[in-house]
Peer 1: 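The structure is given below, and queries will be raised subsequently.
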Amino acid sequence: LYSTGHGITFYSSSDMLHWKPEGRVFAGEPAWAKRAAPTFNGHIWAPDVHRHNGRWLLYYSVSGFGKNTSGIGVTTNATLDPHAPNYRWEDQGVVVQSVPGRDMWNAIDPNVVEDDKGQGWMTFGSFWGGIKLVKLDDSWTKIAEPEEWHTIARRERPAFTPDEQAAPAEIEGPFIFKKNGYYYLFVSWGLCCQGPKSTYHVVVGRARDVAGPYLDRQGKDMAQGGGSLVIQGDKDWKALGHNSAYTFDGKDYLVLHAYETADHYKQKLKVMDIHWDKGGWPTVDPKDLNKYVSEELK
């Protein structure tokens with residue numbers, strides 16, 4: 001389990017309940033971080049881990065909060081076992097960078113998916129012009145040439161909103177999950193990181209092609225503001241969002257964070273079973289929020 005934090009903190013578990021701290025991915029900070037984000041404070045955001053061509057790739061974000069002075073980098077390793085003799089993260093540098101005044105998108109929150117032809121794609125984005133999808137080269141460490149870009153989800157941004165202003169198009173944290181012939185695009189709407197005022201919640205759409213269009217349950221394109229609710233907060237939990245989805249041993253899981261009201265809105269890990277309704281849409285049981293209680297091992 002890899003998490004936002006100084007150097008990217010990570011944990012191991014054999015049961016997804018009891019988590020052992022294993023240290024940090026970066027001893028310091030990526031060499032390129034301050035060039036892309038002058039106000040970068042050492043907090044590396046939103047790691048996403050994949051295996052490709054016999055090695056592990058960990059994508060990560062550096063940014064200044066609320067600004068699109070941002071970049072997505074990738075670091076690689078032969079193994080994820082920190083006790084293995086060949087364990088060594090080797091940073092490959094920046095994959096994509098957003099520049100204020102040039103780009104109406106924000107290079108944070110990466111997620112990589114492999115399409116049915118074996119082609120790698122990175123989706124990312126936060127606020128501004130929404131969620132982007134860009135084709136990767138064979139190494140999955142650079143953008144492919146010629147470049148191929150798509151906007152796959154966004155929310156309304158009023159005309160004449162200043163370019164440097166992130167809001168009000170509150171969308172981020174994309175994750176694409178392949179299942180039953182569809183690509184399911186999960187995103188978070190609303191605001192995280194606001195304590196009791198947080199409005200984060202998860203919506204979804206799906207497409208037959210990785211480049212979209214991603215349609216919600218009503219057939220509305222996510223690039224036109226569509227998105228069907230998966231889960232939102234309640235009186236006990238706020239800021240449900242920035243999810244990922246995985247299949248382990250034949251079972252599908254939604255992994256996300258939530259702020260616990262009773263613990264002064266402290267951020268907690270949630271792992272929930274995904275069920276699929278008769279229409280092929282992912283559902284989760286909100287009761288699982290209180291049922292799932294993880295423990296950090298000392």
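Reckoned from all heavy atoms, side chains included, excluding hydrogens, waters and symmetry mates.
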Peer 1: Counting C-beta onward and ignoring hydrogens, is there a side-chain heavy-atom pair between W237 and E260 closer than 4.5 Å?
Peer 2: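 Result yes, sub-4.5 Å side-chain heavy-atom pair found.
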Peer 1: Can you establish whether the number of heavy atoms outside K266 located under 6.0 Å from its atom NZ is more than 12?
Peer 2: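 No.
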Peer 1: Contact between F177 and T247 at the side-chain level, heavy atoms closer than 4.5 Å - yes or no?
Peer 2: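 Of all side-chain heavy-atom pairs linking T247 with F177, at least one is under 4.5 Å.
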Peer 1: Measure across G227 and D216 and return the closest heavy-atom pair with its distance rounded to 0.1 Å.
Peer 2: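 The answer is N-OD2, 3.0 Å.
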Peer 1: Please check if atom NZ in K67 has more than 12 non-hydrogen atoms from other residues, nucleotides or ligands closer than 6.0 Å.
Peer 2: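 At most 12 heavy atoms, drawn from other residues, nucleotides or ligands, come within 6.0 Å of this atom.
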Peer 1: So K20 and S14, do their side chains get closer than 4.5 Å, heavy atoms only?
Peer 2: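 A side-chain contact under 4.5 Å is absent here.
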Peer 1: With W105 as reference, evaluate V96, T151, N68 under the side-chain contact (heavy atoms from CB on, under 4.5 Å) test and give the passing residue.
Peer 2: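 With W105 as partner, side-chain contact (heavy atoms from CB on, under 4.5 Å) holds for just one option, V96.
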Peer 1: What residue pairs, at least two apart or across chains, pass salt bridge (charged side-chain N to carboxylate O under 4.0 Å, His left out) with a residue in residues 164-190?
Peer 2: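 Every salt bridge (charged side-chain N to carboxylate O under 4.0 Å, His left out) pair that includes a residue of residues 164-190, provided the two are not neighbours, is D116-K178, K179-D252.
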Peer 1: For H83, is the NE2 atom crowded, meaning more than 12 foreign heavy atoms sit under 6.0 Å from it?
Peer 2: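 Result for NE2/H83: enclosed.
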Peer 1: If you look at every heavy atom in L240 and Q232, which pair is closest and at what distance?
Peer 2: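 Shortest heavy-atom contact: CD2-O, 3.5 Å.
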Peer 1: Kindly determine whether Q119 and W121 satisfy side-chain hydrogen bond (donor to acceptor under 3.5 Å, both in side chains), including the steps that lead there.
Peer 2: CA-CA 7 Å; Q119 174 66 52; W121 298 83; 5.7 Å; no
Peer 1: Identify whether L269 and L17 are in the same connected component of the hydrophobic contact network (ILVMFWY, side-chain heavy atoms under 4.5 Å).
Peer 2: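 Yes.
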Peer 1: Under 3.5 Å, side chain of H201 to main-chain N/O of T199, donor-acceptor pair present?
Peer 2: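 Yes, the answer is positive, given that a donor and an acceptor are paired below the 3.5 Å cut-off.
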Peer 1: Can you tell if the side chain of W276 reaches within under 4.5 Å of the side chain of P282, non-hydrogen atoms only?
Peer 2: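 They are in side-chain contact.
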Peer 1: Going by atom types alone, do N106 and S70 pair a side-chain donor with an acceptor below 3.5 Å?
Peer 2: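 The criterion, which ignores hydrogens and geometry beyond distance, is satisfied for S70 and N106.
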Peer 1: Say whether, by atom type as modelled, one donor and one acceptor occur between the side chain of T76 and the main chain of L57 under 3.5 angstrom.
Peer 2: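 Absent.
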Peer 1: Do side-chain atoms of K238 reach the backbone of G195 as a donor and acceptor pair under 3.5 angstrom?
Peer 2: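 Not a single qualifying donor-acceptor pair exists.
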Peer 1: Are any side-chain N or O atoms of N77 and backbone N or O atoms of R88, one a donor and one an acceptor, separated by less than 3.5 Å?
Peer 2: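 Pair found, side chain donor or acceptor close to backbone of R88.
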Peer 1: If you group Ile, Leu, Val, Met, Phe, Trp and Tyr by side-chain heavy-atom gaps below 4.5 Å, do I152 and Y183 land in one group?
Peer 2: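 In one cluster with I152: Y183, yes.
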Peer 1: Taking CD in E295 as the centre, count heavy atoms belonging to other residues, nucleotides or ligands within less than 6.0 Å. Is the count above 12?
Peer 2: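 For E295, atom CD is crowded (more than 12 foreign heavy atoms under 6.0 Å).
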Peer 1: Using atom types as modelled and distance alone, determine if a side-chain donor or acceptor of T4 lies under 3.5 Å from a backbone N or O of A46.
Peer 2: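 Such a contact is found between T4 side chain and A46 backbone.
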Peer 1: Between the side chain of R208 and the main-chain N/O of G181, is any donor-acceptor distance below 3.5 Å?
Peer 2: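 Between the backbone of G181 and the side chain of R208 there is a qualifying donor-acceptor contact (under 3.5 Å).
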Peer 1: In this structure, is the centre-to-centre distance between the rings of Y59 and W140 below 6.0 Å?
Peer 2: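 Aromatic pair excluded; centres sit 6.0 Å or further apart.
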Peer 1: Is a side-chain donor-acceptor pair under 3.5 Å present for S63 with S61?
Peer 2: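 No, no side-chain donor-acceptor pair sits under 3.5 Å.
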Peer 1: Do the side chain of Y259 and the main chain of C193 share a donor and acceptor less than 3.5 angstrom apart?
Peer 2: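 Yes.
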Peer 1: Within the structure provided, determine whether T123 and V210 are in side-chain contact (heavy-atom separation under 4.5 Å).
Peer 2: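 Heavy-atom side-chain distance check fails, nothing below 4.5 Å.
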Peer 1: State whether the side chain of T69 and the backbone N or O of A37 hold a donor-acceptor pair below 3.5 Å, judged by distance alone.
Peer 2: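 Flag not set: sc T69 to bb A37 has no pair under 3.5 Å.
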Peer 1: May I ask whether I171 and V230 are part of the same hydrophobic cluster, defined by side-chain heavy atoms of I, L, V, M, F, W, Y residues being less than 4.5 angstrom apart, directly or through others?
Peer 2: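 Looking at the clustering, V230 is in a separate group from I171.
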Peer 1: Will you find, in the side chains of D81 and T79, an N or O donor that is under 3.5 Å from an N or O acceptor?
Peer 2: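 On atom types as modelled, these side chains do not qualify, holding no pair under 3.5 Å.
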Peer 1: Apart from I8 itself, what residues make up its hydrophobic cluster when side-chain heavy atoms of I, L, V, M, F, W and Y under 4.5 Å apart count as a link, directly or indirectly?
Peer 2: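 Hydrophobic cluster check, I8: joined to Y2, F10, V25, F26, W32, F40, I44, V49, W56, L58, Y60, V62, L80, Y87, W89, V94.
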Peer 1: For residues V112 and D48, report the shortest heavy-atom separation together with the two atoms involved.
Peer 2: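 Minimum heavy-atom separation between V112 and D48: N-OD2, 3.1 Å.
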Peer 1: Is it possible for you to say whether I231 and L229 belong to one hydrophobic cluster, with membership spreading through side-chain heavy-atom contacts below 4.5 Å?
Peer 2: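 No, separate clusters.
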Peer 1: Considering only heavy atoms from C-beta outward, does the side chain of Y11 approach that of L297 to under 4.5 Å?
Peer 2: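 No, side chains not in contact.
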Peer 1: Does one hydrophobic cluster hold both L133 and L215, with members joined at side-chain heavy-atom distances below 4.5 Å?
Peer 2: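 L133 does not cluster with L215.
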Peer 1: Do R154 and M222 make a side-chain contact, defined as non-hydrogen atoms from C-beta onward lying under 4.5 Å apart?
Peer 2: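 R154 does not reach M222 side chain to side chain.
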Peer 1: Is it the case that atom CG in D236 sees more than 12 heavy atoms from other parts of the structure closer than 6.0 Å?
Peer 2: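 For D236, atom CG is crowded (more than 12 foreign heavy atoms under 6.0 Å).
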Peer 1: Between D163 (side chain only) and M104 (backbone N and O only), is there a donor and an acceptor less than 3.5 Å apart?
Peer 2: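 No; judged by distance alone, with no hydrogens or angles, the pair does not exist.
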Peer 1: For residues 184-191, which side-chain N or O atoms pair as donor and acceptor with protein atoms under 3.5 Å away, sequence neighbours left out?
Peer 2:
residue: Y184; atom: OH; partner: R206; partner atom: NH1; Å: 3.4
residue: Y184; atom: OH; partner: G280; partner atom: O; Å: 2.3
residue: S188; atom: OG; partner: H242; partner atom: N; Å: 2.7

Peer 1: Just so I know, are the side chains of W128 and D103 near enough to count as touching, which here means a heavy-atom distance under 4.5 Å?
Peer 2: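 They are not in contact (no side-chain heavy atoms under 4.5 Å apart), so the answer is no.
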